[in-house]
Amino acid sequence: MPKFYLLVLFLFFCCPGAAGSEKVILDGITFKNVNPDPDPSPTGDFKTLVIPIKRAGNLIVIEAQIDTLEGNFVLDTGAPYLVLNETYFRDLPHAAEQESAGINGAAGSSFTTYVRNLNILDLHYSKLRADVTDLSSIENGRGIKILGLLGTRLLADFAVTVDLFRNTLYIQKLDENGNIPEAEKVFHDRFMVSPFKMLNDVILMKGTVNDNSLWFAFDSAAETSLLDYRRSKKLIPDMEVISRSKIMGIGGTSIEVIYTRFDNLVVGDRKYMKNRIMITSLEKMGSAYGYKIDGVLGYDFFVRGIFTINFVKKEFEMYIYNNQ
Amino acid sequence: MKRGAYIVIVFFAMICMALPVSAQKRSNLIMGSDKLVLLIDMRSSKTEVDTLLKKAGLKGANAAAILKGDFSALQKDGWTMAKKRGNIVEFDSPLENLNKNPQIKPYLITTKIDNDDEGSPGYPTDVNFGINNFAKVTVHELPSGLTRFFLPGYLQNRRALLSGNFNNWSTLKGVMAKTDSGWIADVKLKPGKYEYKFIVDGHWINDRYNNLVADHDDNSIYFRYNYTFKLNGNANAHKIILTGSFNNWDANSIIMEKSGGVWQKQMYLHDGTQAYRFLVDGKWITDPANSNKIQGDDGIINSILNLGETVIFKLDGYTDAKKVYVGGSFNNWERGLIPLTKTKTGWALSLIIPPGNYGYKFVVDDKWITDPANPRSMVEGGIVNSFISVKPNYTFKLSGFNNAKSVHLAGSFNNFDKFGYSMAFNGSEWTVSVRLKPGKQLYKFIVDDKWIIDPGNKLYEPNQYNSGNSVLWIE
């Protein structure tokens, strides 16, 4: 892509992100406290924290302790910070109300609160900001009790490696150059590397499909990858459909879901073939992330290897699974 | 299209004509611009069309009808016939609805899509029976009734945990204690099938001494036993095999072991009725210690074993009746009406029933009546029956509402049926005890036709009516 366009693209993405106000309106959704006071830095006496992963469907679930309650949390790089399930946390004090447009008109009763302590094994957070919202769809879809979602801001100081072959999560402290110290490295044969941007605390990665450049959000809680319908039409003619189904949305609406397969997805320096991706409208999802996006890289993408997200260097890496 | 590819396709088409059964058909489902295109090759087999229909999300459509040219099911689902070219019929479905998709977070869509995995991996479904198979016994029962799991070695590690479906695969609970030869943890288990793993310093490992491994994730499998088959005598027998309805009369798998002069075999056996026999050095015998025997339709006599809870059915009065039976969903209603015995004051019967929720009725001289002594009822097939829960694990309670005429319980466990299970008032609260599966349950009370969430339960979540459902987790 010519440099001029890159520059325009860069400015396009930067402008809304630069807003330092307490309130930002994007596509009709008001984000209060978009840039609140930063949470205090987490503490923990470790270099590498090894956390067992529990799987629920294609979700990456780990256990953590919040104040006095222990339970399951979804690792969600599509969420900006800590999100708690309303079912169990609706009695926490309201620090601010969230004026989200409401998912599909249903009474969106999200609010912002602060939790005293969050512990992920030896990693401790205190006085942590959290949004409280309805997460019942995850519980009911996957049959597992979910206390909340762990968003990107919790991991901002670290490199996070997910090994879904052995169901292990590594949270690692970084050296002064933002690298995992050599002695702490768990995986070595890097298969792919891609820089990413953090905008509104969401990971945005560039990819190409049939030589068209696209912006993807990397969302570890998306159980499938997604591609915007309007973009897909222009990118890939006659895509093979793997399955079509209808699911029930909130409020009893029927949503058509189409799963397709296509080749030639390039992310970083690697070409991925036989990609399974769901075609849908991402207009509203884009507004949830705060930016217009072309697609979401989810489970179908990241299950292909062990991956590391270095939040300091803003690098995404993938490793070939090594049997040793 | 490239010329070479074209030739290849023509060649394939020719093979298709020559080998109509085995050759690849041209049925397909693709995304065109603004529409889904479904191509049905009318020479396809029923199975091939079924696969295609499944792909297209047409669950109710009949492949045989479609192959006969009846496309009404497709039209009903919004497909229109676009063209017919030779044997290929093309149907289109518009895609503009995709633009209306109102979800703002991916998980709102993706968690609703069924995974290919069957059931919930890691949470084994009930089985008829089970026998452990250890290379070296690492799990055993303690006299206290607890089950001890032993992980040999790993003495250099800092922390070991026992995780399994019995503790919801917890990665924080299940802390094991270090001994001089390994790690131990004691757990209270009910009889049944379990999956487990160890977590050593954050890493999952399975039990390498356990030969029973689940298909999913190599989890180790353990059966907590509840029954021992015993056969006295036969001191000189060489080989005694146990067969039964629980293992489909497999005459090879379960070999009795001699211990203290008695042939025996311990196992997990599911509640319910089981028929069984022994094969003693090639000769079939029933269990001499069990008087309960039934001759099957094939003339073979089997020993019968009933495992479950003892339930006493009582009907007071009706002393003039000639015959009284009980029928219920525990024995498939009419198929097995069971006679009650006359007592001084009425009729009674003691029955062994597997745990569960059931409807039942008495049949008094051919007249069906609900149990007059049981205030709780449920509806099955539009008919009100008396309600009984055998070995219930949860009691729903609603305090107050003293003046209500009726209170019913509806939830995910009874499909939110508006009759649900009727609750009974004990002077201070309305109650009903129910046996529920482990996991999440949603429910509401219906007080005189008005649906309310449980005022005594802080946990509730939104529902499609914006009125909320109470939330309950059963361990």
Side-chain angles (χ1 to χ4, degrees), chain A residues 50-52 54 57-58 62-63 65 70 78 86-88 103-104 106-107 134 136-143 145 166-168 219 221-224 226 229 233 237-253 255-258 260 279-281 284-285 287-288 296 298, chain B residues 28-34 36-38 54-58 93 95 97-115 117 120-123 161 163 168-173 199 201-204 217 412 439-440 442 458-464 466 469 471 473:
Chain A
V50 185
I51 301 164
K54 297 161 75 163
N58 296 336
I62 62 171
E63 284 184 22
Q65 188 189 32
E70 265 178 17
E86 185 188 27
T87 303
Y88 313 106
I103 297 155
N104 193 12
D134 171 36
S136 61
S137 66
I138 303 180
E139 287 196 339
N140 297 333
R142 291 295 167 250
K145 188 171 182 175
R166 289 177 177 146
N167 288 323
T168 313
D219 189 336
E223 293 191 73
T224 63
L226 306 165
Y229 167 55
K233 274 199 297 190
D238 294 341
M239 240 188 301
E240 185 194 347
V241 176
I242 305 170
S243 77
R244 168 183 177 255
S245 56
K246 283 177 186 158
I247 61 169
M248 210 53 99
I250 293 165
T253 50
I255 299 167
E256 188 169 17
V257 170
I258 292 172
T260 61
I279 308 295
T280 186
S281 163
K284 282 240 171 75
M285 279 186 203
S287 15
V296 175
Chain B
N28 208 351
L29 181 64
I30 50 176
M31 265 186 89
S33 63
D34 291 326
L36 267 184
V37 179
L38 177 67
K54 199 180 159 211
K55 215 191 236 189
L58 284 151
S93 172
L95 279 176
N97 280 344
L98 287 181
N99 272 330
K100 295 180 196 153
N101 196 328
Q103 309 304 312
I104 70 168
K105 289 287 288 172
Y107 65 73
L108 290 170
I109 294 181
T110 59
T111 52
K112 289 208 167 78
I113 296 164
D114 293 334
N115 282 344
D117 291 331
S120 290
Y123 291 83
L161 298 172
S163 182
N168 280 319
W169 292 99
S170 176
T171 62
L172 296 175
K173 299 180 187 106
I199 304 171
D201 288 349
H203 297 278
W204 295 95
D217 272 348
S412 42
K440 188 179 186 180
L442 302 173
K458 269 170 62 177
L459 303 186
Y460 64 90
E461 67 178 41
N463 65 0
Q464 66 264 45
N466 272 333
N469 289 325
V471 173
W473 285 90

- Straight-line distance of A:Thr260 OG1 to B:Leu36 CG, nearest 0.5 Å: 10.0 Å
- Message: Heavy-atom cut-off 4.5 Å, strictly under: side chain, backbone, both or neither for B:Asp34 against chain A?
- Response: both
- Query: To the nearest 0.5 Å, what is the distance between NZ (B:Lys440) and CG (A:Asn140)?
  - Reply: 3.5 Å
- Message: If the condition is side-chain contact (heavy atoms from CB on, under 4.5 Å), which residues does B:Leu161 pass it with, not counting sequence neighbours?
- Response: B:Arg159, B:Val175, B:Ile199
- Say you draw a straight line from CZ of A:Arg244 to CE of B:Met31; how long is it, rounded to the nearest 0.5 Å? 11.0 Å
- Message: Between B:Ser163 and chain A, with a heavy-atom cut-off of 4.5 Å, which part of the residue counts as in contact: side chain, backbone, both or neither?
- Response: neither
- Working for side chain to side chain contact (heavy atoms under 4.5 Å, CB included), residues B:Leu95 and A:Ile279: CA-CA 10 Å; B:Leu95 279 176; A:Ile279 308 295; over 6 Å; no
- Item | Considering all heavy atoms, the nearest B:Lys55-A:Ile242 contact | CG-O, 2.8 Å
- Identify which part of B:Trp169 has an atom lying under 4.5 Å from any heavy atom of chain A, answering side chain, backbone, both or neither. both
- Query: Where does A:Thr87 contact chain B at under 4.5 Å (heavy atoms): side chain, backbone, both or neither?
  - Reply: both
- Backbone N or O of B:Thr171 within a donor-acceptor pair of the A:Glu63 side chain at under 3.5 Å? yes
- Item | Option in A:Val50, A:Asn167, A:Ile51, A:Val241 with maximal non-hydrogen atom pairs under 4.5 Å from chain B | A:Val241
- Item | Listed partners of B:Asn168 passing side-chain contact (heavy atoms from CB on, under 4.5 Å), at least two apart | B:Tyr123, B:Glu475
